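Reading through the structure tokens given below for one structure.
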Amino acid sequence: MTVAAHFEIEYLQYLGPDGKPVAELPQAFRDPATVLPLFKQMLYVRTFDDKAIRLQRTGKLGTYAACLGHEATHVGIGASMQPQDVFAPSYREYGAQFMRGVRPREVLMYWGGDERGNDFAGPKNDYPWCVPIATQMLMAAGAALSFKLRKQERVAVASCGDGGSSKTDFYAALNSAGAYTLPLVLCVVNNGWAISVPRKAQTGAQTLAQKGLAGGLACLQVDGNDLIAVLEGMRRAMTRARSGQGGSVIEFLTYRLHDHTTADDARRYRGEDEVKAAWTREPMLRLRTWLTAAGLWDEAREKAWLEECARLVDIEINAYLETKVQPVEAMFDYLYGDPPPELLAQRAAAIALEKRNG
Amino acid sequence: MTVAAHFEIEYLQYLGPDGKPVAELPQAFRDPATVLPLFKQMLYVRTFDDKAIRLQRTGKLGTYAACLGHEATHVGIGASMQPQDVFAPSYREYGAQFMRGVRPREVLMYWGGDERGNDFAGPKNDYPWCVPIATQMLMAAGAALSFKLRKQERVAVASCGDGGSSKTDFYAALNSAGAYTLPLVLCVVNNGWAISVPRKAQTGAQTLAQKGLAGGLACLQVDGNDLIAVLEGMRRAMTRARSGQGGSVIEFLTYRLHDHTTADDARRYRGEDEVKAAWTREPMLRLRTWLTAAGLWDEAREKAWLEECARLVDIEINAYLETKVQPVEAMFDYLYGDPPPELLAQRAAAIALEKRNG
Amino acid sequence: MAEQASAAPAAPAAITLIEAITQALAYELRHDERVLVLGEDVGVNGGVFRATAGLSATFGPERILDTPLDETSIAGLTVGMASQGLRPVAEAQFDGFMYPMVDFIICHAARMRYRTRGRLTCPMVLRVPWGGGIRAPEHHSEANESIFTNVPGLRVVMPSSPARAYGLLLAAIRDPDPVIYMEPKRIYRQYKEVVPDDGEALPLDVCYVLRDGSDITLVTWGAQVKETLEAAEALAKDGISAEVIDVATLTPLDFPTIAESVAKTGRCVIVHEAAKTAGFGAEIAARLAEECMYDLLAPVERVTGYDTHIPLFRLEMKYLPSVERIVAAARRAVAAG
Amino acid sequence: MAEQASAAPAAPAAITLIEAITQALAYELRHDERVLVLGEDVGVNGGVFRATAGLSATFGPERILDTPLDETSIAGLTVGMASQGLRPVAEAQFDGFMYPMVDFIICHAARMRYRTRGRLTCPMVLRVPWGGGIRAPEHHSEANESIFTNVPGLRVVMPSSPARAYGLLLAAIRDPDPVIYMEPKRIYRQYKEVVPDDGEALPLDVCYVLRDGSDITLVTWGAQVKETLEAAEALAKDGISAEVIDVATLTPLDFPTIAESVAKTGRCVIVHEAAKTAGFGAEIAARLAEECMYDLLAPVERVTGYDTHIPLFRLEMKYLPSVERIVAAARRAVAAG
Ligand SMILES: Cc1ncc(C[n+]2csc(CCOP(=O)(O)OP(=O)(O)O)c2C)c(N)n1
Ligand SMILES: Cc1ncc(C[n+]2csc(CCOP(=O)(O)OP(=O)(O)O)c2C)c(N)n1
Ligand SMILES: [Mg+2]
Ligand SMILES: [Mg+2]
């Protein structure tokens, strides 16, 4: 048999669910002290998530997509990027976005039905939340191409879900990444479900990571609940991208512990057992155990930090709640850089109507 | 290193360019007598192709996409299918289509600007030529899904080019094939060029066959100039599909010996040397040598057969040339099964205008 | 066959528009084995709006297919199945996710019959929850019917009541050609009415006169039927008698029904959610300018979404045509001539 | 910088519409380093219509990018680059291959600025050879401008002369928002005119009056400008004075120019290649019905493609509006009032 090509997909895991190392820890993330701030960040994200869900339940927010269970993957992705890089999220990667300077109030504004949530005060070139599944992956390929053409040392990082990895735009992104050798990292956050459709119904592929082979990219499967594995996987892909070697697909294996969004009821389609089992592998647990064993964490410190998180999140929530609705003309004011006369006439009419109605 | 998955892409070649076996011939195609009719068919296809190009050059045909160099792949694909199967071609697989009963006059009518070319007298369920690149691959996946749902022992076979393998529809087809375990064979006819864009600019993947891994399909790379390799590759994929094991991607390595179409001038973008070298690997040569060595072919037989081919093709050309233009109402008559009144009014107006103009 | 899929009970309960859709799907799945449903989350989950609730349990996963998350695939698989003899009813989860389907709809569905001179056809339905006003996230509120109305070979249908939802969906599934069936999600659960599960289809190509009037014709479709009827009510209080027409099937358009009404009233206000410029209202106004000019006593008016994107939900109701805007336009028209 | 890319020679030769496009691309590539060109076969091959001929040699493969064969990718990469500060000019090889781009154009290009409140923008151009009449294969002859005319946030531009092709393309590239630039391929090489390579853009949002007249207004765009001007000539022989307007920028529409003309002539015939129903002509007729009713002496007429797909080339000229059909409509309008 003549072999035209052969491939291996590597799997990365360092901390097992019980918090014990299952492999030699990578050099860069061996010291628990370096990892500690990220663990704290994960707790902050979870506090935010929890409060956002409650806000929705009390009618003060629109539909909200929780990130419960994704904290290691999201925070790990955000932590691996440089400020000059560009991040293109889907709609639940708050953990990554907070690391880049997106403010929680912006998340709330977006889900609260206010476009100003997308006008990030922080990362000016990052993409806003992207509802049309996986289109952000291809947009990020375009961003990466712009970096390459301008010879900038920047990397575009994009993430989508397991469902998103079925989308043609995802394939277009990896095809482009390979064809142009782009500084692009395509993160597939495989949380087991795309609303009600399980991972196995999306594709016949054994791993989602191997989809990168279709474009000749580097492929990696990572335990997405293991922050250290996430960081190491990202480190390899970012290094590769930044040094001009091209794109990667990383599949992060994690689990969506919440409903798809607050508009969803996952009990319709998935069993309690699966969710229960997933809670034993969730990302906080193992890190907490490991950091506690290293003497860097304990219950008291957790309690104090969670209180601080709550305080910080409440500031953001209040800022959101105090934000006034945009004036009616806002729907006209950002459409064109050079607005046509008729649009201005419609704008005037809308303002007049608004005034008439008090 | 933990390995999540590994893969090998097999390459098939049996007859080398010099007509000598390079590997043990597969059981089914060992006997030159079984292969002889297909060689004759390849010669027939080349005769047709040659005459069609001339027809275009003399203004009697519109733009025409030649199949020069693709004969082994095309005829081999057609020969591997059963009548109940469905074929979804791009726009140059006449060799496959003739095997299925499409008539040369239909090819000519299509390229001659007459929709009736798509109303095949032969294979009633086969798809017409498909100009929007690679969409036929996904349509064929839908056909395959219909076979599976109705528990019919039928296979859908579709083919596109190397360029087509970059198209999102191709990826969608392989994703669907894997997700639903479809009886689908996706043939990628890699002829080196997509108009002016060389294969290497399409993707960073080492082989086009490996794209199938993205959907968990069987993948095979085949010497598309070696009829026996084509037949064996197809046999495996068809068997797999028909027995419910799912889809395959086969990459056929061949070469486009002609311009992209008669509207193209390949000298703008590719060197003479490359074309010259490709002629030494073209598909007729090796088969002729092999069949001659087996005592089944010689110059006299070739001469006689080519004369017969010319005669047969001329009958088709004449049938085409004698076909009258459709009446003006044809543009209204096939739009809806149940045409709306206003369309009928437009139809009447168009007929009246036509009458007025004689 | 499971209980819930059997024949309609003697005294049917009143149902909502979306329940009427489910009822029509179930009816046709029962009576035509070529019919099947496919889309994202249409299976066990019953669809994000519950349009396919219970169908998977009744008809099984080979008739109610969850698809991988790709609209291109849904469109392509649907065209492939339809052209091989099945009658697929595909769902796009929301209006804003329909765009990747445009290529297959235009290049293949709309011309399968035309291209092959009738050898292959494409009897399919694409169901799409349509329009704004439900406080949904971005891309979940779009009125994009005009993407399809200039495409020959399609039918574009939009019901606005439970009964019409049922009858038009049956007609759409039975139609020998592709139908885009847009569902005004804002009125999915607006009210209930009794819709006998008798398998009676309603005609496509017919505009429905919902209210008779003599002073002005209000033409609309989809969710705006609600505001338009309310506007007619408000106008009646002023002594203005408004006729209300639900276009229902946008293309091919039943213009004679509109023309007849305008011949009587002499005035016309067209109401739609989509942005004004080149929205489908333009076609109706154009036809009036071509064919009814001598009947018109006043300029035609269009009350529509503004020429901008529908805002996120804090502002969206300010984008959609309101009863107030419709009434004002009607008053202007009545005052004009 | 290579010779052919340097400043315009003193006495420029007359050039065709497509040469004017090449000239505009070269000008802007020279003067704005953010500008780049991408598409299938635009590089060494110079484009299937030769619109980018010579550009790769002059500006190199990092400014003139051949893309893999996927229109979704072209659209997505273009939006990605535009939103990061480049000014990409993408090419769809033919009108019929543009549909996979629709999703990115509508969901991202047209609302990047809107969505982010101006933080990110999308200054890009999508060039598309447009329309029928060149005896091309299937899908190479479509008049599909109406796909985009109901989409806020875009500009849809169509030149009809070498000078307008040059000036409008420069304007499109310099515009801060996405522009769909449709090129009437049937008149790519219809005639030549001198187009100074002076970098002078023409205004977008302006309709061009190509011929003054007093009896009737003929409104058209793209390749049909040819037949419409010929019709005006034929009408002149009958003593009918026709004003001819080239819309040039379909959206945002400069309606005042059309209204002013109709105020003078009282009659209007709209001519376009696309199918009639919900073609962009409907918008113009609708505006006349809304804003110019009292000026109209005769019903508006539309002379358009029929409501079916453009046939393959043996019949295509019978589909397209002919001089004869335009003249007949104009005569009817003049006779009417
Ligand atoms: C193009 C498109 N189709 C459908 C949807 C509706 N939708 C929103 S999220 C979702 C599932 C996404 O699943 P996955 O990609 O796995 O991401 P996850 O939500 O699990 O993070 C779907 C179908 C959408 N937003 N966009
Ligand atoms: C969607 C689409 N985009 C562009 C084209 C124009 N086009 C026709 S053939 C072709 C190249 C196809 O190359 P490949 O897939 O390798 O097939 P080959 O012609 O070499 O057999 C292109 C770009 C098209 N027909 N459809
Ligand atoms: Mg998921
Ligand atoms: Mg090729």
Side-chain angles (χ1 to χ4, degrees), chain C residues 71-72 96-100 102-107 110-111 114-115 138-139 142 144-153 250-253 268 270 274-294 296 298-302 305-309 311 336, chain D residues 71-72 96-100 102-107 110-111 114-115 138-139 142 144-153 250-253 268 270 274-294 296 298-302 305-309 311 336:
Chain C
E71 283 72 15
T72 304
F97 309 143
M98 203 179 53
Y99 305 113
V102 165
D103 189 43
F104 259 92
I105 299 294
I106 297 183
C107 291
R111 49 186 111 184
Y114 184 83
R115 165 179 296 149
E138 218 183 342
H139 296 284
E142 300 180 19
N144 45 17
E145 62 272 25
S146 74
I147 289 276
F148 294 120
T149 49
N150 188 229
V151 180
L250 279 65
T251 54
L253 176 66
C268 186
I270 301 158
K276 181 177 181 183
T277 297
F280 188 68
E283 175 60 25
I284 294 170
R287 293 294 293 271
L288 291 171
E290 290 172 322
E291 298 174 38
C292 306
M293 201 189 95
Y294 301 114
L296 284 172
V300 175
E301 296 250 3
R302 284 183 285 172
Y306 296 109
D307 279 327
T308 183
H309 302 290
Chain D
E71 282 73 14
T72 305
F97 309 142
M98 205 179 52
Y99 304 113
V102 165
D103 189 43
F104 259 92
I105 299 294
I106 296 182
C107 291
R111 48 187 112 184
Y114 185 83
R115 165 178 296 149
E138 218 182 341
H139 297 283
E142 301 181 18
N144 44 18
E145 62 271 27
S146 75
I147 289 276
F148 294 119
T149 49
N150 188 229
V151 180
L250 278 65
T251 54
L253 176 66
C268 186
I270 301 156
K276 180 178 182 182
T277 297
F280 189 69
E283 175 61 24
I284 294 170
R287 293 294 293 271
L288 292 171
E290 290 172 321
E291 297 173 38
C292 305
M293 201 189 95
Y294 301 114
L296 284 173
V300 174
E301 297 249 3
R302 285 182 284 171
Y306 296 110
D307 278 327
T308 184
H309 302 289

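Lettering of chains follows the sequences in order, A, B, ..., and the numbering in each one begins at 1. The basis for the numbers below is simple: all heavy atoms, side chains too, and nothing from hydrogens, waters or symmetry mates. Quick caveat: nothing in here was measured; it's all calculated off a predicted structure.
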Top of A110(C), A286(C), G153(C) for chain D proximity - count of heavy-atom pairs under 4.5 angstrom
A286(C)
With only heavy atoms counted, which part of E290(D) is less than 4.5 Å from chain C, the side chain, the backbone, both or neither?
both
I'd like to know which of S146(C), C268(C), C292(C), G96(C) tops the heavy-atom pair count under 4.5 Å against chain D.
S146(C)
Give, as side chain, backbone, both or neither, the part of Y294(D) having an atom under 4.5 angstrom from any heavy atom of chain C.
side chain
Heavy-atom cut-off 4.5 Å, strictly under: side chain, backbone, both or neither for L288(C) against chain D?
neither
Would you list the atom pairs, donor with acceptor, under 3.5 Å between side chains in residues 274-282 of chain D and any protein atom, with sequence neighbours excluded?
unit_1  : atom_1 : unit_2  : atom_2 : d
T277(D) : OG1    : D307(D) : OD1    : 3.3
T277(D) : OG1    : D307(D) : OD2    : 2.7

Just by distance, do the side chain of H139(C) and the backbone of F97(C) share a donor-acceptor pair under 3.5 Å?
no
Among the listed options P100(C), P299(C), A285(C), the residue most often paired with chain D at heavy-atom distances under 4.5 Å:
P299(C)
Under 4.5 Å from a heavy atom of chain C, the part of L296(D) involved
both
Measure P252(C) against the heavy atoms of chain D and call it side chain, backbone, both or neither at under 4.5 Å.
neither
Taking the side chain as every heavy atom from C-beta outward, state whether F148(D) and V102(D) have any pair of such atoms under 4.5 Å apart.
yes
Examine whether an atom of E138(D) lies under 4.5 Å from a heavy atom of chain C, and if so say whether it belongs to the side chain, the backbone or both; otherwise answer neither.
side chain
Pair listing, salt bridge (Lys or Arg N to Asp or Glu O under 4.0 Å) test, anchored in residues 277-286 of chain D, at least two apart:
R302(C)-E283(D)
Quick one: what part of T251(D) sits under 4.5 Å from any heavy atom of chain C, side chain, backbone, both or neither?
side chain
Between atom CG of N150(D) and atom CG of N144(C), what is the distance when rounded to the nearest 0.5 Å?
8.5 Å
If you count heavy-atom pairs under 4.5 Å between each of E142(C), R115(C), E301(C), R111(C) and chain D, which one has the most?
R111(C)
Close side-chain approach of I147(C) and I106(D), heavy atoms under 4.5 Å:
yes
Spatial distance of atom CE (M98(C)) from atom CG (D103(D)) [nearest 0.5 Å]
10.0 Å
Taking the side chain as every heavy atom from C-beta outward, state whether V151(C) and I105(C) have any atom pair closer than 4.5 Å.
no
